[in-house]
Amino acid sequence: MPPSPGPRPFSPRPSPISTTDVARSGLRLGFPTVLGGETWWEEDRPAEGGRRTVVHRAADGALTDLLPAPWDARTRVHEYGGRSYVVVPGHGVVFAHHADQRLYLARVSGSRAERPRPITPEPKEPAALRYADLRVHGGPDGPRLWCVRERHHQDAEVTRSIVSVALTGDHEITEWVTGSDFYASPTPSPDGRHLAYVCWSHPHMPWTSTELRVTRLSDGATRLVMGGRDESVLAPVWCDDRRLYVVSDRSGWWNLYRADVSTAACEALCPAEEEFAGPLWQLGGLPYAVLDGGRLAVLHGHGDLRLGILDPDTGTLRDLDVPFRGWSPVLDADGGTLAGIGYGPDRPRTVVRIDTATGRAEEVRREIEDLPAAAVLPVPCAVEFKTVEFKTAEFETAEFEAVEFEAAEPRAVDFDGGAGGRVHAYLYPPRQADEGGAPYVVFVHGGPTSHATSELSLEKAFFTSRGIGVIDVNYGGSTGYGRAYRERLRGRWGVTDVEDVIAAAKWLIAEGLADPARIAVRGASAGGWTVMAACGASDVFAGGVSVAGVSALAPLVAATHDFESRYVEWLVGPEDRYGEREPLARADRVNCPMLLMQGLADPVVPPSQSRAFADRLMARGVLCTYLTFEGEAHGFRRLETRAAALAAELSFYLQIFR
């Protein structure tokens, strides 16, 4: 009897999508603003060193880059930044310049902007004063800018406050609120008497515990309106001089409320087991907007967020019939006109203007202007599967029992977070899969408190068009599915996330979708941590790709930036647990090839994290490639870097899948 043939070698399909096509698609549109017939937004320039500009579209459709090179509109507050500009009617655009972090005013004349001039002082140390979450409010002396200011001291201490800035150019700055470690959403009341804002302090993160406070500007008297232990409140907006709209997850879901600032009484506007917001990684975005007549444009749903119109008095919610499956939580409105960033499986992220009276949606700017043929693009499908559970001494799954973390005891939840819990993911089948299963790559998002969406991704299409499938996993801890699902990761980072991505690979095999010998896993930042840990916990993966992955916790806690410096307490727990969780401590269990990539100017995850893991693997003779990129930080921005990294990743898969 002749021997059975081995698995056929994988031969990638020809694809019209190149690495340069994917690299050029990274425009990263963000934070739209609408006033009358005009629209503004942020836009990256991968081909110009990754700088960011502010683009203006006039009422006649003419597009203008308001900030020519070398201006770079990026704020470094929290290192993740956020909205870097604000439109000041009658004056121009104020923005934070990446090089020195000062605020500049660019006056606009017609469709052209004058050379920007600084309106904040030059600090003694470079970039020591940073500004974000810019808001404009009129006053008797003209409009003033309200924002969060971050001060970096010589002893490495970081403090933050809420300040107002004059637009006169005399560098007049007034500090109004200080004392908490972090601030967001500084929002003066319509009459200018009060300031609403969100604040929190270490060890909390904005999705674990925040407070909504209101300060009377005449004497500094402050009142707690909502929030506190085990409640995340976000995005306050005044509906009149006495009441605020705000998002809270006190019900277990981020829902909209209306709160009376004098009595602290609040009412749920549309109670639902759906999310009406996302995690506050970046400052300056709003997941809803106030329209004329008191209506609210809102985002809601599970995973991808739909766009609807809510009547806050009746609770009636009506979805708009627009050709976008999901929306980023960055809405803006003027009267009945709404601006947002929508996407779909067949549509890239797009700046959209919507006339809410007629429902007409107008595409203003796409991240990808020239799309491949529809037959080349994958059609994602939302899937669910059961997680797995490990029970070994080296892979501890005990519940987190922190002593110092004051919010350590989670409230009762309905979600089954152990064996048998459900995991969410988006499946992207490959083009022309072979009989017996196709090669697959399990995508792991960063954060880890973040989530994957179903938006059109040229990066995913780059692989699926070549015959490599993708499954993008929203493992336990991801946002978009309620607080209970987020808290599956509480004290279990390196356990729940690893269990769920391994479960994704095993589900692909059980369903007959994937070739069991040709499944890889890839992720960046926190996703890189999961990749390295999963490759040491299971032999289901043929290889792993980690970009700026976390491999060791003690060095990370000692060196990372202030915003996440206490995050590990919630994610893992006390230091004596580090060794049983971190990938570096389990590197001797990794036997599959790995590709590690790292930006050498990364302030979030130091390059030493990837280097240490690569050294450990190479010392054992495990195949490992370690690629570094000079001048790149946390997330590759330059076209040449993005193209080179993707080419290296494809080459890696072709070698391990052959």
Side-chain angles (χ1 to χ4, degrees), residues 207 249 252-254 272-276 278-279 299-306 325-327 343-345 378-390 397 413-430 433 437-438 440-457 460 464 469-490 492-493 495-514 516 519-523 526-527 530-531 534 537-538 540-541:
W207 43 85
D249 70 350
W253 299 83
W254 271 317
E273 291 188 350
E274 296 184 356
E275 299 283 55
F276 284 69
L299 303 178
H300 68 106
H302 302 134
D304 294 320
L305 300 181
R306 305 186 305 277
R325 175 182 290 183
W327 295 80
Y343 61 81
V379 179
C381 175
V383 299
E384 293 183 14
F385 47 86
K386 285 188 176 183
T387 189
V388 298
E389 186 176 33
F390 296 96
T397 61
V413 297
D414 294 329
F415 184 83
D416 177 7
R422 308 296 293 181
V423 183
H424 302 275
Y426 291 106
L427 179 72
Y428 296 79
Y440 260 84
V441 180
V442 180
F443 275 41
V444 188
H445 66 71
T449 308
S450 183
H451 71 280
T453 71
S454 68
E455 68 185 79
L456 185 151
S457 165
K460 293 186 178 73
T464 59
V470 169
I471 185 168
D472 207 351
V473 184
N474 277 322
Y475 50 86
S478 301
T479 56
Y481 306 96
R483 181 161 186 138
Y485 196 75
R486 296 201 308 271
E487 295 209 347
R488 284 190 60 214
L489 202 62
R490 187 179 195 167
R492 292 174 56 88
W493 193 35
V495 179
T496 296
D497 51 323
V498 173
E499 292 173 348
D500 289 357
V501 300
I502 292 173
K506 293 187 174 182
W507 179 82
L508 290 171
I509 296 170
E511 293 293 314
L513 299 171
I519 302 176
V521 60
R522 62 99 82 170
T530 305
V531 166
S538 174
V540 73
F541 298 113

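As a basis for the values below, the full set of heavy atoms in this structure was taken, side chains included, without hydrogen atoms, waters or symmetry mates. Numbering starts at 1 and runs along the sequence shown.
- When the salt bridge (Lys or Arg N to Asp or Glu O under 4.0 Å) test is applied to R325, no partner is found at least two apart in sequence or on another chain.
- Between H302 and E273, the shortest heavy-atom contact is NE2-O, 2.6 Å.
- The minimum heavy-atom distance between Y428 and P380, with the atom names listed, is CE2-CB, 3.4 Å.
- Residues T496 and R488 share a closest heavy-atom pair of OG1-O, 3.0 Å.
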Run the numbers on L508 and L427 for side-chain contact (heavy atoms from CB on, under 4.5 Å), then give the verdict.
CA-CA 10 Å; L508 290 171; L427 179 72; 3.8 Å; yes
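- Y481 pairs by the ring-ring contact (aromatic ring centres under 6.0 Å, His included) definition with H424, Y485, not counting sequence neighbours.
- Under the side chain to side chain contact (heavy atoms under 4.5 Å, CB included) criterion, A526 pairs with P448, W493, not counting sequence neighbours.
- Counting heavy atoms from C-beta outward, V473 and W507 have side chains that stay 4.5 Å or more apart.
- Applying the salt bridge (charged side-chain N to carboxylate O under 4.0 Å, His left out) test to every pair with at least one member in residues 469-479, sequence neighbours left out, gives these pairs: K460-D472.
- The side chain to side chain contact (heavy atoms under 4.5 Å, CB included) test applied to A534 returns V498, V501, I502, F541, not counting sequence neighbours.
- Taking OG1 of T387 as the start and CG of D500 as the end, the distance is 3.5 Å to the nearest 0.5 Å.
- Separation of atoms CG (D249) and OG1 (T479) is listed at 12.0 Å; rounding is to 0.5 Å.
- For S457, the side chain to side chain donor-acceptor pair (under 3.5 Å) test picks out no residue, with sequence neighbours left out.
- By the salt bridge (Lys or Arg N to Asp or Glu O under 4.0 Å) test, E275 is found to be paired with R486, residues two or more places apart in sequence or in another chain being considered.
- Looking only at side-chain heavy atoms (C-beta outward), P429 and Y440 come within less than 4.5 Å of each other.
- Scanning for side chain to side chain donor-acceptor pair (under 3.5 Å) contacts around W207 gives T449, with sequence neighbours left out.
- With sequence neighbours excluded, no residue forms a salt bridge (Lys or Arg N to Asp or Glu O under 4.0 Å) with D497.
- Legend: residues meeting side chain to side chain donor-acceptor pair (under 3.5 Å) with Y426, ordered by chain and number and at least two apart, are D304.
- Of all heavy-atom pairs between I471 and A504, the closest is CD1-CB, 4.3 Å.
- With hydrogens and angles ignored, the 3.5 Å screen pairs no side-chain donor or acceptor of H451 with any backbone N or O of H445.
- The side chain to side chain donor-acceptor pair (under 3.5 Å) test applied to H300 returns E274, R306, D319, not counting sequence neighbours.
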For side-chain contact (heavy atoms from CB on, under 4.5 Å), just list the numbers for V441 and F443, CA-CA rounded to whole Å, side-chain angles, deciding distance to a tenth of an Å, and then say yes or no.
CA-CA 6 Å; V441 180; F443 275 41; 3.7 Å; yes
